[in-house]
Amino acid sequence: MQDDNVLVVLKEILNWTRASSFHSVKSLLQEALPDAKSRAAFQMLDGAKSIEQVRTACKMSPNGLIALAQRCTAMGLMEVNGDKKRSRLFDLADFGLIAEEEKPETGTKK
């Protein structure tokens with residue numbers, strides 16, 4: 001029963017934190033991702049795709065994409081998961097920073 005109360009309080013804290021941080025996170029995303037290409041690459045870095053897959057789909061240089069991923073990780077916008085893949089922590093659609101038609105192809109071509 002006490003665990004249920006703690007969970008309720010933690011969920012409420014999470015909701016308030018999200019609400020109070022929305023504008024600052026959006027500003028940080030806009031600063032780190034100034035153009036459509038960097039936003040598309042960020043959106044694709046979801047922990048499931050490799051750097052090479054994202055680089056090819058977004059037509060970015062290897063060094064450019066690695067630098068973007070490292071910068072976003074340093075800014076707290078991404079994390080490195082157990083497989084050493086970078087994973088974004090925010091969905092740009094939630095902040096109105098990427099439209100559906102701007103999202104790159106995520107499927108593989110055969």
Between Val6 and Leu10, does the side-chain contact (heavy atoms from CB on, under 4.5 Å) criterion hold? Intermediate values first, please.
CA-CA 6 Å; Val6 170; Leu10 288 174; 3.9 Å; yes

Give the table of side-chain donor-acceptor pairs shorter than 3.5 Å for residues 66-79, with sequence neighbours excluded, one pair per line with atom names and distance.
{"residue": "Arg71", "atom": "NH2", "partner": "Ala32", "partner atom": "O", "Å": "3.4"}
{"residue": "Thr73", "atom": "OG1", "partner": "Ala69", "partner atom": "O", "Å": "2.8"}
{"residue": "Thr73", "atom": "OG1", "partner": "Arg86", "partner atom": "NH1", "Å": "2.9"}

One should read off an interatomic distance between Arg55 CZ and Met60 CE, to the nearest 0.5 angstrom, of 10.0 Å

With rounding to the nearest 0.5 angstrom, report the CZ to CG distance, Arg88 to Leu45.
9.0 Å

Please check if the side chain of Asp83 supplies one atom and the backbone of Lys85 the other of a donor-acceptor pair under 3.5 Å.
no

Measure up the Phe90 and Phe95 rings against each other and bin them: parallel (under 30°), tilted (30 to 60°), perpendicular (over 60°).
perpendicular

At what distance, to the nearest 0.5 angstrom, does CG of Leu65 lie from NZ of Lys37?
10.5 Å

From CD (Gln43) to CG (Leu92), nearest 0.5 Å
4.5 Å

Could you tell me whether the side chain of Leu29 reaches within less than 4.5 Å of the side chain of Phe42, counting heavy atoms only?
yes

Can you list every side chain to side chain donor-acceptor pair (under 3.5 Å) pair that touches residues 10-36, not counting sequence neighbours?
Asp35-Ser38

Just verifying a value: how many Å separate Arg39 CZ and Cys58 SG, rounded to the nearest 0.5 Å?
13.5 Å

